[in-house]
Amino acid sequence: MINHKKNAHPYIPNTAPSVQAEMLKEIGVESIDKLFDGIPDELHFKGEMDIPKALTEFELRRHMEGLLNKNKSSNEYINFLGAGCWQHFVPAVCDEVNQRSEFLTAYAGEPYEDHGRYQALFEYQSLVAELVDMDVVNVPTFDWGQAAATSIRMAARMTGRSEVLLPKTIATDRYKIIKNYCSPDIECRLVDYDEESGQLSIEDLEEKISTKTAAVYIENPSFLGFIETQGQEISDIAQQFGAISVVGVDPSSLGVLAPPAHYGADIVCGELQPLGMHMNYGGGQAGFIATRDEEKFIQEFPSRLFGIVPTIVEGEYGFGDVAYERTSFALREKGKESVGTQTALWGITAGVYLSLLGPEGMHELGQTILQKSQYTIQQLDKVQGVQSSRFKATSFKEFVVDFNQTGKTVEEIHNKLLDNEIFGGKDLSKDFPELGQCALYCVTEVHSKEDIDKLVSSIKEVVESE
Amino acid sequence: MKQIVRDHKVRDFNQAKWDEPIILELHQPGERGVIIPEAEEMIVESVGDGISQVPKNMRRKKKPDLPEISQARVLRHYVRLSQETLGSDFNVEIGQGTCTMKYIPKINELLVRTQKLTEIHPLQNVNSVQGILEIIYKLDLCMREISGMDYFSFQPSGGTQALFAMASLVRAYHNENGEGTQRDEIITTIFSHPSQAATAAVKGYKIITLHPDKDGFPDLDALKEVVSERTAGFVVANPEDTGIYNPRIKEFTKVVHEAGGLCYYDQANANGLLGITRAKEAGFDMCFFNLHKTFAAPHMCGGPATGALGVGEKLKEFLPGPIVEFEDGKYTLNDQLEHSIGMVRSYHGVPQTMVRAYAWIRALGADGLKDVAKVAVLNNNYLYHKITQIRGASAPYVKGKRLEQVRYSWEQLANETGVTTEDVGRRMTDFAHHYWTSHHPYIVPQPFTLEPTESYSKADLDEYIAALTQISNEAYENPETVKNAPYNSVIHKLDEQDYLDDPDKWSISWRSYLKKVKMEEGVK
């Protein structure tokens with residue numbers, strides 16, 4: 001415990017009484033308490049905060065590590081959970097860069113003393129731009145959900161319309177974010193999917209789309225893992241009605257899958273977490289939005305967009321905010337939505353990741369994931385009663401495993417898997433009741449054949465037991 | 001060799017300048033930064049190349065134009081860029097007022113790097129994440145003590161998102177009471193953060209902005225004039241960016257409550273208030289704290305972060321879920337809040353920030369938290385006393401004490417020398433300092449906003465004051481020195497306007513820059 005009477009607190013230099021006295025003398029005030037005179041007596045908190053006494057650094061470390069050690073990590077267990085936050089290999093250089101105290105402790109400095117921060121974020125924009133094959137990428141927003149919600153609001157402003165169509169296969173959580181962000185003025189309507197393939201029902205889309213539609217939003221790969229193959233057709237239909245085609249994407253797929261700009265997307269958004277961020281119990285999420293370099297799009301971004309600028313000295317690049325006057329920093333409620341602290345450090349990290357992987361690495365990443373997930377599907381299908389891919393469509397890294405024929409619930413099966421130190425995939429029975437007892441499994445480059453075989457044998461053991 | 005005399009006032013500083021190319025210029029065909037684990041042979045034998053199964057129209061035809069760079073070169077590039085960034089570990093970080101740039105304890109960084117945090121998935125069975133849930137729950141308990149609120153959600157991941165969540169709660173609350181359509185106005189003040197007004201507008205509210213009275217206080221009479229049956233909510237910071245505490249805040253919240261509105265308190269920065277005064281006693285229904293400001297989590301170039309949102313009992317069921325609860329000796333997640341607004345961010349927010357904030361609170365204890373407020377206010381009043389003695393500088397509005405920060409003005413300096421606050425800001429970088437003006441619009445002419453927090457010693461404050469004093473002297477003696485600054489920073493003065501606001505010239509990515517440069521050359 002820290003004895004406040006005896007020691008100055010290590011984090012607070014001016015707790016030393018002699019310095020305090022000197023400063024008070026300079027100000028001409030008798031005591032520190034007098035500095036709070038402006039707060040009326042009735043508002044002074046007179047109680048004691050029920051917060052334990054201060055710990056020394058040594059005690060703090062022991063206490064905190066004791067708590068954190070109660071967690072079971074995905075390094076101890078084999079993890080097949082994905083559903084928007086995915087376990088990937090994180091190169092050490094990503095951690096090295098984002099732990100640099102210069103980046104870790106910087107905030108909102110100017111383009112001079114924070115030149116490195118501006119350049120790193122400009123480079124992140126430039127690298128993601130190559131991955132999605134579009135010219136404009138924003139400084140990252142909170143997560144995929146926010147990126148999608150903002151993309152939809154951008155589309156609504158561009159079209160002057162107030163309805164958006166989304167796939168019924170969207171993640172429940174992401175949909176909650178979008179719905180709250182779009183209410184009260186934008187109506188969200190869900191478009192049905194084909195029961196067999198999971199693909200968006202074109203029939204239902206054609207029925208629901210109209211000249212009120214601001215945007216048609218789809219995801220690729222879909223939340224349920226399968227690849228949506230009708231991208232071009234969907235974009236064409238959207239554009240026929242004057243709506244904006246918005247596609248949400250998992251960027252770890254873009255080394256092998258066509259980027260949405262190649263099948264007609266006007267706005268592309270997605271999740272940066274797979275590009276070098278640890279899962280961090282969900283703290284690694286970060287969203288991005290990309291568009292073509294057209295003023296009508298750029299003027300609708302709420303986010304900061306860093307641009308390259310000359311300085312008064314030949315041979316120097318500087319950076320600054322493009323079209324700053326559109327932001328809420330400049331215009332308060334008349335700006336485009338709002339801007340503030342979001343996930344800049346994860347943007348820088350995603351840039352580091354893409355620089356390390358390069359074109360070959362991104363391709364190999366996608367290929368390995370496809371192979372390992374296809375292998376898992378193939379092996380799981382051999383288990384009696386388990387249908388390893390509920391939808392007849394190619395999936396990327398996630399797929400819906402159907403346990404309906406096993407006579408057991410996902411919860412029962414997954415509880416047993418925990419005994420074998422396996423985290424089964426996300427239980428879909430609550431969010432997608434029409435699927436019954438299904439779960440969304442995620443396999444990435446981090447899963448070895450041994451891990452996958454252990455999953456398969458464990459599931460076999462559970463479903464075949466009485 | 002003589003001992004160096006240290007009585008000079010300003011730092012003899014040169015920031016690192018590495019002249020690093022844009023990373024895409026480092027492309028060297030064939031180089032690799034890292035190798036991805038491949039599928040084992042037996043897997044490949046079973047499924048083939050994986051890609052053939054993807055329908056042809058969905059395959060990427062040409063690999064992305066990412067650069068190929070060796071690992072060491074990527075690392076060197078980024079550590080050089082890091083050296084061109086003035087993190088708060090490196091400077092007397094008092095120039096970014098409103099941001100509460102305080103010491104970031106290294107022990108907390110060590111704690112969040114454990115695989116027991118980094119490698120846990122947000123949907124893991126709660127039995128396997130009891131440690132992090134306990135930390136979040138106990139942080140909630142501490143926040144309740146600090147604010148007087150009854151429940152916290154840590155899902156909002158920044159101050160702006162917390163403000164947006166609060167505006168969403170206001171809407172959900174009135175909808176539930178059948179007054180959602182009628183109550184369509186939110187009242188705020190001009191000295192509050194722009195996100196207060198901006199986020200309420202996203203939720204479809206009409207914004208009413210109060211201006212200060214002659215002493216800088218929000219105007220109570222003006223509030224009384226604008227409240228009505230249309231008032232949905234009132235959002236304010238106290239103190240505002242001026243550091244002036246509004247002593248009549250309880251009357252403000254009373255007026256709004258009598259009109260049927262909710263009051264929400266922007267405590268993004270609560271550094272002068274810990275243990276001194278609380279949201280509850282001032283009559284607020286909700287408040288939020290930025291854990292990356294008052295609670296010493298790092299700012300990370302602008303997030304990830306946390307805006308911890310606290311509410312009184314009557315608003316609990318409207319919170320974004322899930323929230324952490326403690327039942328029968330076990331920590332659980334409650335996502336069954338009856339009137340929940342849904343979610344504002346995926347999963348549980350940014351747990352790393354919560355771990356840091358909890359560790360910081362435990363390192364200080366109740367007494368230490370109060371010391372934070374006291375010393376932050378002492379430091380600020382010392383700075384205020386000294387800055388207002390600098391030629392050309394002033395602190396508009398009420399004379400007397402301020403809490404944790406002050407918005408100053410160089411109006412006199414600008415009138416007398418032509419040197420603007422932006423000029424001063426650039427010159428400050430030559431002495432290793434950050435400097436921030438104000439949000440827009442500039443109500444205080446030629447503004448600058450300083451917030452010294454509890455983290456800096458008297459000697460640190462004196463260094464910052466000396467730099468501003470020297471720049472004031474330069475402005476009066478040789479204003480061009482200030483106007484053409486910086487000289488010792490990473491780059492020189494930007495030559496910016498066309499390149500940021502002209503669609504034919506702006507470049508938001510390197511590929512776009514290359515296209516536009518080519519076009520420009522073609523024209524020539």
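Values below: all heavy atoms of this structure, side chains included; hydrogens, waters and symmetry mates excluded.
When every heavy atom of Gly368(B) is checked against every heavy atom of Ile12(A), the shortest pair comes out as O-CD1, 4.1 Å. Pro55(B) and Thr229(A) get closest at one heavy-atom pair: CG-CG2, 3.5 Å.
Checked against a 6.0 Å centroid threshold, the rings of Tyr499(B) and Tyr317(A) do not count as neighbours. Taking the centre of each ring, Tyr245(B) and Phe36(A) stay at or above the 6.0 Å mark. Between His348(B) and Tyr281(A), the distance from one ring center to the other falls under 6.0 angstrom.
Ser168(B) and Asn180(A) share a side-chain donor-acceptor pair at under 3.5 Å. Thr15(A) and Lys374(B) are not linked by any side-chain donor-acceptor pair at a separation below 3.5 angstrom, with hydrogens and angles left out of the test. Using a 3.5 Å distance cut-off with no hydrogens or angles, the side chains of Thr85(B) and Asp114(A) do not pair a donor with an acceptor. Between His121(B) and Gln87(A), the side chains place no donor N or O within less than 3.5 Å of an acceptor N or O (distance only, hydrogens not considered). Of the N and O atoms on the side chains of Lys116(B) and Asn75(A), not one donor lies less than 3.5 Å from an acceptor on the other residue. Judged purely by distance below 3.5 Å, without hydrogens or angles, the side chains of Asp89(B) and Ser101(A) pair a donor atom with an acceptor atom.
Side-chain N or O atoms of Asp495(B) include none that pairs as donor or acceptor with a backbone N or O of Val309(A) at under 3.5 Å. The backbone N or O of Val93(A) sits nowhere less than 3.5 Å from a side-chain atom of Tyr78(B) that would complete a donor-acceptor pair.
Of all the listed residues (Gly84(A), Pro184(A), Pro91(A), Ala120(A)), the one sharing the greatest number of non-hydrogen pairs under 4.5 Å with chain B is Pro184(A).
Taking CG of Leu500(B) as the start and CG of Leu305(A) as the end, the distance is 10.5 Å to the nearest 0.5 Å. Taking NZ of Lys72(A) as the start and CD of Gln130(B) as the end, the distance is 11.5 Å to the nearest 0.5 Å. Here the CG atom belonging to Leu357(A) is positioned 11.5 Å from the CD1 atom belonging to Ile69(B), to the nearest 0.5 angstrom. Note that OG of Ser126(A) and CD1 of Ile23(B) are 10.5 Å apart. Values are rounded to the nearest 0.5 Å. Taken to the nearest 0.5 Å, the CD atom of Glu57(A) stands 8.5 Å off from the CG atom of Leu110(B).
Of the options Gln352(B), Glu119(B), Arg113(B), a side chain to side chain donor-acceptor pair (under 3.5 Å) to His278(A) is made by Glu119(B) and by none of the others.
For His44(A), the parts lying under 4.5 angstrom from a heavy atom of chain B are both the backbone and the side chain. Within the 4.5 angstrom heavy-atom criterion, atoms from both the backbone and the side chain of Gln124(B) approach chain A. When heavy atoms are compared at a cutoff of 4.5 Å, Glu134(B) approaches chain A solely by way of its side chain, counted from C-beta outward.
Ion pairing of Arg426(B) with Glu110(A) is absent here, as no side-chain N (NZ or NE/NH1/NH2) approaches a carboxylate O to less than 4.0 Å. By the 4.0 Å N-to-carboxylate-O rule, Arg511(B) lies close enough to Glu130(A) to be salt-bridged with it.
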side-chain hydrogen bond (donor to acceptor under 3.5 Å, both in side chains) between Ser457(B) and Asn14(A), intermediate numbers included: CA-CA 5 Å; Ser457(B) 69; Asn14(A) 286 343; 5.2 Å; no

